[in-house]
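For reference, the structure discussed in these notes is given below.
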Amino acid sequence: MTVPGEGAVRAVFLDVGETLINEGEIYGRWADWLGVPRHTFLTKLGAVLATGGSHMDVFEHFRPGFDLAAEERARAAAGVPNGFGPDDLYPDARACLSGLRDQGLYVGIAGNQPVEAARQIAALGLDADVVGISDVWGVSKPSPEFFARCAEIADVLPDRVLYVGDRIDNDVRPALAFGMRVAFLRRGPWGHIQDDPEALRRCLFVLDDLAALPELVAAHNAEPLGDVP
């Protein structure tokens, strides 16, 4: 008989934005709110990210002194609240989560998101054991404490956890540094703009979508440690 390899994945945690949730329309709605053509807003977003900036720099560019909390309150009062819903879920997300759970794996959703995202994810009814939200946990990526929380919740060693995300800076490098396995998902602006060949070579998987992930994990876990009596 054979036993599973000692590197078998026992838990999988997936990021939220651009991993499970398509943020294109979310940014589009912000462009509408700011009175900026959507293509202009997204072009500026790409340019800012390519030079190491963040999405908050884009808001500041189009509205100097931008106050996110105040603008979110204003949007809510106007009936166009910030956030996401079923239409923003990537079409491969549900099947991926279910395919991983069907293997008996511990499956978590964990990302840098505001408190409100916990309710929004819960409303989607996704097949996951836990939802971890940075603003609820009080710790965010790329802090090692964020990844430690994932391993602790799953009750497995870090090297038995596969973290799936679209950012090299927030997902790939810190998860690898913590001793986790990583699947880099090349989609969304960060996924296509950021690049680090050395870090990607250390990833267990490099993906263009989530469709194949359950099968890839199953194949990896089926690799035998060796024959035993």
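Keep in mind the model is a prediction, meaning the values are calculated, not measured. Worth knowing before you read on, the calculation uses all heavy atoms, side chains too, and leaves out hydrogens, waters and symmetry mates.
Here the side chains of L89 and L126 are in contact, with some heavy-atom distance below 4.5 Å. Contact check for V182 versus D171: no side-chain heavy atoms found under the 4.5 Å cut-off. Taking 4.5 Å as the limit, some side-chain heavy atom of F147 sits within range of a side-chain heavy atom of P174. Side-chain contact between E25 and R29 is present, with at least one heavy-atom pair separated by less than 4.5 Å. No side-chain heavy atom of V80 sits under 4.5 Å from any side-chain heavy atom of D32. Considering only heavy atoms from C-beta on, L200 comes within 4.5 Å of C203 through its side chain. Proximity of E116 to N82: side-chain heavy atoms (C-beta onward) are nowhere separated by under 4.5 Å. Between S54 and V48 there is no side-chain heavy-atom pair separated by less than 4.5 Å.
The existence of a salt bridge linking R101 and D129 is confirmed by a sub-4.0 Å separation between a basic side-chain nitrogen and an acidic carboxylate oxygen. We find that R187 and E23 are not joined by a salt bridge, their nearest charged nitrogen and carboxylate oxygen being 4.0 Å or further apart. Comment: D15 engages K141 in a salt bridge, judged by a side-chain N to carboxylate O separation of less than 4.0 angstrom.
The backbone N or O of V139 sits nowhere less than 3.5 Å from a side-chain atom of S134 that would complete a donor-acceptor pair.
To the nearest 0.5 Å, atoms CG (L185) and CG (D208) are separated by 8.0 Å. Here the CG-NZ distance, from L49 to K44, works out to 10.5 Å after rounding to the nearest 0.5 Å. A distance of 8.5 Å separates CG of L216 from CG of L204, quoted to the nearest 0.5 Å. The CZ atom of R181 sits 8.5 Å away from the CZ atom of R160 when rounded to the nearest 0.5 Å. Considering SG of C150 and CG of L162, their distance stands at 11.5 Å, rounded to 0.5 Å. Of the inter-residue distances, the one linking D195 atom CG with F184 atom CZ reads 7.5 Å to the nearest 0.5 angstrom.
Shown here for I133 and P114, the closest heavy-atom pair between the two residues is CG2-O, 3.2 Å. Across all their heavy atoms, A11 and V156 have their closest contact at CB-CG2, 4.1 Å. Summarising the geometry of L210 relative to D92, their closest heavy-atom pair is N-OD2, 3.0 Å, with the distance given to 0.1 Å. The two residues I26 and G83 have their closest heavy-atom pair at CG1-O, 3.7 Å. Taking each heavy atom of V217 and L105 in turn, the nearest pair found is CG1-CD1, 3.7 Å. When all heavy atoms of R38 and G28 are compared, the pair lying nearest together is NE-O, 3.2 Å.
V107 and W137 fall into different hydrophobic clusters, where Ile, Leu, Val, Met, Phe, Trp and Tyr are joined by side-chain heavy atoms under 4.5 Å apart, directly or via other members. The hydrophobic clustering, which links ILVMFWY residues whose side-chain heavy atoms are closer than 4.5 Å, places V9 and L100 together. Using a 4.5 Å cut-off between side-chain heavy atoms of Ile, Leu, Val, Met, Phe, Trp and Tyr, with links allowed through other members, V136 and V131 fall into the same hydrophobic cluster. Taking hydrophobic clusters as Ile, Leu, Val, Met, Phe, Trp and Tyr residues chained together by side-chain heavy-atom distances below 4.5 Å, I121 does not share a cluster with F146. A chain of hydrophobic side-chain contacts below 4.5 Å, direct or via other Ile, Leu, Val, Met, Phe, Trp or Tyr residues, connects L207 to L20.
For the residue pair W33 / E71, a side-chain donor-acceptor distance below 3.5 Å is found, with atom types taken as modelled.
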Original post:
What do the steps show when you test Y106 against V130 for side-chain contact (heavy atoms from CB on, under 4.5 Å), and what is the final call?
Top reply: CA-CA 9 Å; Y106 188 96; V130 69; 3.5 Å; yes

Subject >> Residue pair R173, E198: steps toward the salt bridge (Lys or Arg N to Asp or Glu O under 4.0 Å) verdict >> reply: CA-CA 10 Å; R173 292 191 191 116; E198 181 180 353; over 6 Å; no

**OP:** Could you give me the CA-CA distance, side-chain angles and deciding distance for Q194 and D169, then say whether side-chain contact (heavy atoms from CB on, under 4.5 Å) is met?
**Re:** CA-CA 8 Å; Q194 294 184 336; D169 58 348; 3.1 Å; yes

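Taking the centre of each ring, F66 and W30 come in below the 6.0 Å mark.
Around CD of E215, the count of heavy atoms belonging to other residues, nucleotides or ligands within 6.0 Å does not exceed 12. The 12-atom threshold is not exceeded at CZ of R202, counting heavy atoms of other residues, nucleotides or ligands nearer than 6.0 Å.
Classification of the Y27-W190 ring pair by plane angle, with boundaries at 30° and 60°, yields tilted. Ring geometry for F41 versus F62: interplanar angle under 30°, hence parallel rather than tilted (30 to 60°).
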